[in-house]
Number of protein chains: 2
Amino acid sequence: MSDLLERLRGRGWRMTAQRRVVAEVLDGEHVHLTADEVHARAVDKLPEISRATVYNTLGELVSLGEVLEVSTDRRAKRYDPNAHRPHQHLVCARCGAIRDVHPTGNPLSALPDSERFGFTISDVEVTYRGVCPNCVATA
Amino acid sequence: MSDLLERLRGRGWRMTAQRRVVAEVLDGEHVHLTADEVHARAVDKLPEISRATVYNTLGELVSLGEVLEVSTDRRAKRYDPNAHRPHQHLVCARCGAIRDVHPTGNPLSALPDSERFGFTISDVEVTYRGVCPNCVATA
DNA sequence: ATCCTACGATAGACAATGTCTAAGTCAAGT
DNA sequence: ACTTGACTTAGACATTGTCTATCGTAGGAT
């Protein structure tokens, strides 16, 4: 189901073992990994891959619009392969779990012109914070 | 107009020269400073104040609910003394300028139960991103 | 007014995350 | 199979923040 690798190849992305491995890690698991977690999983498949390459490759995938960067906390950025359907995030304040969610309506419409101060707004990022059922149970 | 110092004293906050200076920096300028910027301005008034103290004090002010932590980018956290009126942030993608904004409605109501996955949601954080008039002009 | 003591402040080491550089390697076109 | 420019590497460096051990002091007690 590696649409991602196909798309990248089709866009003229030079394919290397390292890039393939990073793409596979993201494509394989639909979760929100940090750069270090991506690196750890990449090392399992390609032990000599370097940290810098993982960072570079993630940065490229973000530039290409194939992966989203998510900063839900002040810790490491996370990488979200679900870049093709707009969505927001729901974060557990206790365990850090992240879920993709799809709110109704367009959050942009909640900001009247008088509150835009002449800005040309291009994007809205919404993060819902709470406690997940698991953490509530073990509270 | 130092309500802040008054409130803190009233809450039994032990007053020191360092804490006073940090509180004054935040109270004086209604902007969104990073910890290092707070430190720099504090040093102007009290040259021997240490970085650790600024971090500690900011952390306490956040715990006390007198100041909000804002993470609009992956860079340093910013500290927002406007903690008593709920608001969201509008960020310039070019120069990083931050404005407080007040959207209409409650963003929580945009998330149907079916999209809450059993989470107990306590907070919503909305960040609008765009380009400010100044940066548009100089583009 | 002075003394005590617990709480606050300090310097600097350490940690986490990310970026940069110089040199080596290799994918892909010829 | 060559060649070349793009990719990868190791590790130094940068930024932001935290921790620890020690010193200083605010504010209550005397």
Side-chain angles (χ1 to χ4, degrees), chain A residues 5-6 8-25 32-64 66-80 96 98, chain B residues 5-6 8-25 32-64 66-80 96 98:
Chain A
L5 282 174
E6 289 310 313
L8 291 170
R9 217 186 291 268
R11 295 176 70 171
W13 208 48
R14 182 167 159 181
M15 190 55 61
T16 67
Q18 292 83 351
R19 288 174 163 200
R20 183 172 17 253
V21 164
V22 170
E24 282 171 359
V25 166
H32 300 79
L33 300 172
T34 65
D36 260 8
E37 286 163 353
V38 172
H39 181 235
R41 293 175 199 229
V43 163
D44 287 344
K45 305 188 183 197
L46 186 67
E48 64 277 22
I49 192 172
S50 76
R51 238 164 43 92
T53 296
V54 171
Y55 275 99
N56 288 342
T57 304
L58 288 172
E60 284 161 24
L61 290 172
V62 170
S63 295
L64 289 168
E66 294 290 348
V67 166
L68 293 178
E69 248 176 27
V70 182
S71 299
T72 53
D73 56 15
R74 58 289 321 166
R75 316 275 298 152
K77 282 181 279 197
R78 292 177 176 275
Y79 292 89
D80 184 344
I98 303 176
Chain B
L5 282 174
E6 289 309 313
L8 291 170
R9 217 187 290 270
R11 295 174 70 172
W13 207 50
R14 183 167 158 181
M15 192 53 64
T16 68
Q18 292 83 352
R19 288 175 163 200
R20 181 171 20 253
V21 165
V22 170
E24 282 172 358
V25 166
H32 301 80
L33 301 172
T34 64
D36 261 8
E37 287 164 351
V38 172
H39 180 235
R41 294 176 196 228
V43 163
D44 287 345
K45 304 187 184 196
L46 186 67
E48 65 276 24
I49 192 170
S50 75
R51 238 164 43 93
T53 296
V54 171
Y55 275 98
N56 288 341
T57 305
L58 288 171
E60 283 160 26
L61 290 172
V62 170
S63 295
L64 289 168
E66 294 290 349
V67 166
L68 292 178
E69 248 177 28
V70 182
S71 299
T72 53
D73 57 12
R74 58 290 323 165
R75 317 274 297 152
K77 283 180 278 196
R78 293 177 175 275
Y79 293 88
D80 183 344
I98 302 176

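First the proteins, then the strands, lettered A, B, ... as listed; each starts at 1.
Residue B:Arg19 places at least one side-chain N or O closer than 4.0 Å to OP1 or OP2 of C:dA9. A:Arg75 has a side-chain polar atom (N or O) that falls below the 4.0 Å cut-off from OP1 or OP2 of C:dT17. Close to C:dT19, at under 4.0 Å from its OP1 or OP2, lies no side-chain N or O of A:Tyr55. Within the structure, a side-chain polar atom (N or O) of B:Thr53 is placed less than 4.0 Å from OP1 or OP2 of C:dT10. Applying the 4.0 Å criterion to OP1 and OP2 of C:dG8, one finds that B:Thr57 has every side-chain N and O outside that range. A sub-4.0 Å separation between OP1 or OP2 of D:dG11 and a side-chain N or O of A:Ser50 is absent. Between C:dC26 and A:Gln18, no contact under 4.0 Å exists linking OP1 or OP2 to a side-chain N or O.
Of the two residues near DNA chain C, B:Glu60 and A:Thr16, the one whose nearest nucleotide lies more 5' is B:Glu60. Mapped onto DNA chain D by nearest heavy atom, B:Ala17 and B:Ala52 fall at different nucleotides, with B:Ala52 at the one closer to the 5' end. The 5' end of DNA chain D is approached more closely, in terms of each residue's nearest nucleotide, by B:Asn56 than by the other of B:Asn56 and B:Trp13.
Atom-to-atom, CG of B:Leu8 to P of D:dA26 comes out at 17 Å; the value is rounded to the nearest Å. Rounded to an integer number of Å, the gap from B:Glu48 CD to C:dG8 P is 19 Å. As rounded to whole Å, 14 Å separates atom C1' of D:dG24 from atom CG of B:Leu46. For A:Leu33 and C:dG18, the CG to P distance is 13 Å, given to the nearest whole Å. Here C:dG18 presents its P atom at 13 Å from NE2 of A:His39, a figure rounded to the nearest Å. Spacing between atom NZ of B:Lys77 and atom P of D:dT15 amounts to 18 Å, rounded to whole angstrom units. To the nearest angstrom, P of D:dC7 lies 15 Å from CG of A:Leu58. The distance from atom CZ of A:Arg51 to atom C1' of C:dT21 is 14 Å, rounded to the nearest whole Å.
Remark: side-chain polar atoms of A:His39 are not paired, donor with acceptor, to backbone N or O of A:Tyr55 under 3.5 angstrom.
Heavy-atom minimum distance, A:Ala23 versus A:Leu5: CB-CD2, 3.8 Å.
Under 3.5 Å, the side chain of B:Arg14 and the base of D:dT25 form at least one donor-acceptor pair of N or O atoms.
The side-chain contact (heavy atoms from CB on, under 4.5 Å) test with B:Tyr79 singles out one residue from B:Val25, B:Val67, B:Leu33, B:Leu68, and that residue is B:Val67.
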Item checked: Stepwise side-chain contact (heavy atoms from CB on, under 4.5 Å) check, B:Val38 with B:Thr57 -> CA-CA 11 Å; B:Val38 172; B:Thr57 305; over 6 Å; no

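Residue contacts for A:Ala76: at a heavy-atom cut-off of 4.0 Å it reaches the sugar-phosphate backbone alone, with no base atom in range.
Between B:Thr16 and B:Thr53, every side-chain heavy-atom pair lies at or beyond the 4.5 Å cut-off.
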